[in-house]
Structures are given as structure tokens and as C-alpha cells.
Amino acid sequence: MKNKAQFLFYIFLTALIVSSAWIVFSKKWTKPVTAHSVASTSQVKIYNQEEIKNLAFNQLLNGDFSSVQGKWSNNQQGEQRVAYRIEENLFFIKDKRYYLSVGGKTENGVIYFNTHEQKNAAPLTFYPEGTPIPVRLENGLIDTKGEHDPSDRTQARFLLAQTILTAEQIKNNVVYRKN
């Protein structure tokens, strides 16, 4: 009986060793070396000039002035020089500061801004690249197609005016980004 008990003990011990060895050697104990990469389901969108213009336009309509921040001035010297600075929603002209808010869109589809501190103040109108500024002709008609627009339409422009100006007045008052 003693031999039978020893025999069963050795069988139990062998089974324990074999199953332990199988558990130890069947499991991977080291992490596989792999390159880490991040997979994204989104794709990079490439915008054309018209789409970029529309994005900036929508930013402005939502009160985000970051696309027009900076210094703006005309190409005149001395008393004819017009210079503005826009920082966040602040509009600086000479030594005065005004808070800007979106006033709306003109019938030509351009955005104009209001300054809150002045009643009946001229709106500050933003003309993106390629957009003509309406011009009052000598015969009193208005050119909205840009045939008489003296400004540089390859650049974004601002114009502070109460009404539609003549070509000469536009030339003296339109400002371009300078920074």
C-alpha cells in the first residue's frame, strides 16, 4: 500500500510539473517590439483659395477677428496717411480705441463692423482679396463690378466710409495689411 501511495504521489507530482511547465512555456512573457503609430480615421483636408476665403469670412461673421488682426494703412504719406490697428475685437485709429462688433453684410456680400462708442459712425467695411469696392462715378452711378475700383484687389482691404466714395476718395482711404 505504501508503494501504491508513493506511485500515486509521483504521478500527481509529474502531472503538476508538466502542467506548470505547459503554463509557463505557452504564455509569451515579453512584449513584442512594435513601432507605435497612431491611426486616424480623419483625412487632411486641403482647401483652395475660395474655401480659405469663405472660412475667414465665416470667422469674421462669428466675431472672430484673428484673421484681420494687425496693422493696416494706406500708401499715402503725411496728412493723407490713414492707419489702423486691430487687436482681438479692438480697433485703434490715431490715439482712440473702439470696440468692434459685426454689423452685418452689405448688399454686395461684404462684412462691415460697427464701433460701439460712436453713434452714426461710419462702418468699417472689410473687402477680401478679389472683392471689388463699389465706386461712385462722376455721373452719379455706382460701379459695383470693379471696373473703376482703384484699390489693389490682390490684397484684403478695409475702408471706413459713411457712403460710397469716388475712385479718388477710395484711393486715399482704403487700407492694406502692413505686418
Side-chain angles (χ1 to χ4, degrees), residues 1-74 83-93 95-118 121 123-133 144 146 149 151-160 174-179:
M1 183 89 173
K2 188 175 179 187
N3 284 342
K4 192 173 183 183
Q6 277 183 336
F7 177 73
L8 288 175
F9 174 75
Y10 286 124
I11 288 180
F12 172 74
L13 190 59
T14 304
L16 182 65
I17 291 172
V18 169
S19 59
S20 297
W22 180 79
I23 290 172
V24 168
F25 293 111
S26 69
K27 182 172 170 91
K28 293 182 182 178
W29 290 94
T30 60
K31 292 182 180 178
V33 178
T34 59
H36 294 283
S37 63
V38 176
S40 174
T41 57
S42 64
Q43 295 180 355
V44 174
K45 170 105 170 104
I46 299 172
Y47 295 99
N48 64 34
Q49 280 300 103
E50 188 64 28
E51 290 171 321
I52 291 170
K53 183 174 146 182
N54 288 337
L55 287 171
F57 190 81
N58 288 332
Q59 263 185 314
L60 290 171
L61 280 176
N62 290 321
D64 179 355
F65 301 105
S66 61
S67 63
V68 294
Q69 285 190 54
K71 295 178 182 175
W72 298 75
S73 68
N74 64 2
Y84 309 144
R85 192 173 85 240
I86 297 174
E87 294 178 13
E88 296 179 5
N89 68 331
L90 297 175
F91 173 65
F92 297 89
I93 182 168
D95 60 344
K96 295 185 178 161
R97 176 187 74 180
Y98 302 98
Y99 289 95
L100 288 177
S101 67
V102 177
K105 288 170 41 175
T106 68
E107 59 256 3
N108 298 351
V110 294
I111 301 170
Y112 66 92
F113 304 99
N114 293 324
T115 56
H116 292 287
E117 288 76 12
Q118 295 179 325
L124 178 65
T125 308
F126 176 69
Y127 294 92
E129 295 173 8
T131 306
I133 297 175
T144 58
D149 178 3
S151 68
D152 180 359
R153 281 188 267 168
T154 64
Q155 300 182 55
R157 295 142 295 151
F158 271 110
L159 183 61
L160 185 64
V174 72
V175 295
Y176 306 91
R177 187 185 302 272
K178 295 298 178 186
N179 43 327

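Quick caveat, the model's predicted, so the values are computed rather than measured. When reading the values below, keep in mind they use all heavy atoms of this one structure, side chains included, and skip hydrogens, waters and symmetry mates. Numbering starts at 1 and runs along the sequence shown.
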So if I apply the ring-ring contact (aromatic ring centres under 6.0 Å, His included) rule between Tyr84 and each of Phe91, Trp72, Phe126, which one comes out positive? Phe91
Could you check whether any side-chain N or O of [X] sits under 3.5 Å from a backbone N or O of [Y], counting only pairs where one atom can act as donor and the other as acceptor?
{"X": "Asn62", "Y": "Asp64", "result": "no"}
{"X": "Arg177", "Y": "Gln69", "result": "yes"}
{"X": "Arg85", "Y": "Ile93", "result": "no"}

Should the pair Phe113 and Phe158 be assigned to parallel (<30°), tilted (30 to 60°) or perpendicular (>60°) ring geometry? tilted
Taking side chain as C-beta onward, heavy atoms only, is [X] less than 4.5 Å from [Y]?
{"X": "Leu61", "Y": "Val102", "result": "yes"}
{"X": "Tyr127", "Y": "Val174", "result": "no"}
{"X": "Asn89", "Y": "Ser101", "result": "no"}

What verdict does the side chain to side chain donor-acceptor pair (under 3.5 Å) test give for Thr106 and Asn108, after you've listed the backbone C-alpha separation in whole Å, the side-chain angles of each residue and the deciding distance to 0.1 Å? CA-CA 5 Å; Thr106 68; Asn108 298 351; 4.8 Å; no
Provide the closest heavy-atom pair for [X] versus [Y] in the form atom of the first, atom of the second, distance.
{"X": "Ala156", "Y": "Glu129", "value": "N-CG, 3.6 Å"}
{"X": "Val110", "Y": "Pro128", "value": "CG1-CD, 4.3 Å"}
{"X": "Asp149", "Y": "Pro132", "value": "OD2-CA, 3.4 Å"}
{"X": "Pro123", "Y": "Tyr112", "value": "CB-CD1, 3.8 Å"}
{"X": "Arg153", "Y": "Gly146", "value": "NH2-O, 2.8 Å"}

With Asp152, which residues qualify under side chain to side chain contact (heavy atoms under 4.5 Å, CB included), at least two apart?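 Asp152: side chain to side chain contact (heavy atoms under 4.5 Å, CB included) contacts with Thr154, Gln155, Tyr176.
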Leu90: side chain to side chain contact (heavy atoms under 4.5 Å, CB included) partners, not counting sequence neighbours: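 In terms of side chain to side chain contact (heavy atoms under 4.5 Å, CB included), with neighbours along the sequence ignored, Leu90 is linked to Phe92, Arg97, Tyr99.
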Nearest 0.5 angstrom please: [X] [atom1] to [Y] [atom2], how far?
{"X": "Thr125", "Y": "Leu160", "atom1": "OG1", "atom2": "CG", "result": "8.0 Å"}
{"X": "Asn58", "Y": "Ser67", "atom1": "CG", "atom2": "OG", "result": "10.5 Å"}
{"X": "Lys105", "Y": "Leu60", "atom1": "NZ", "atom2": "CG", "result": "12.0 Å"}

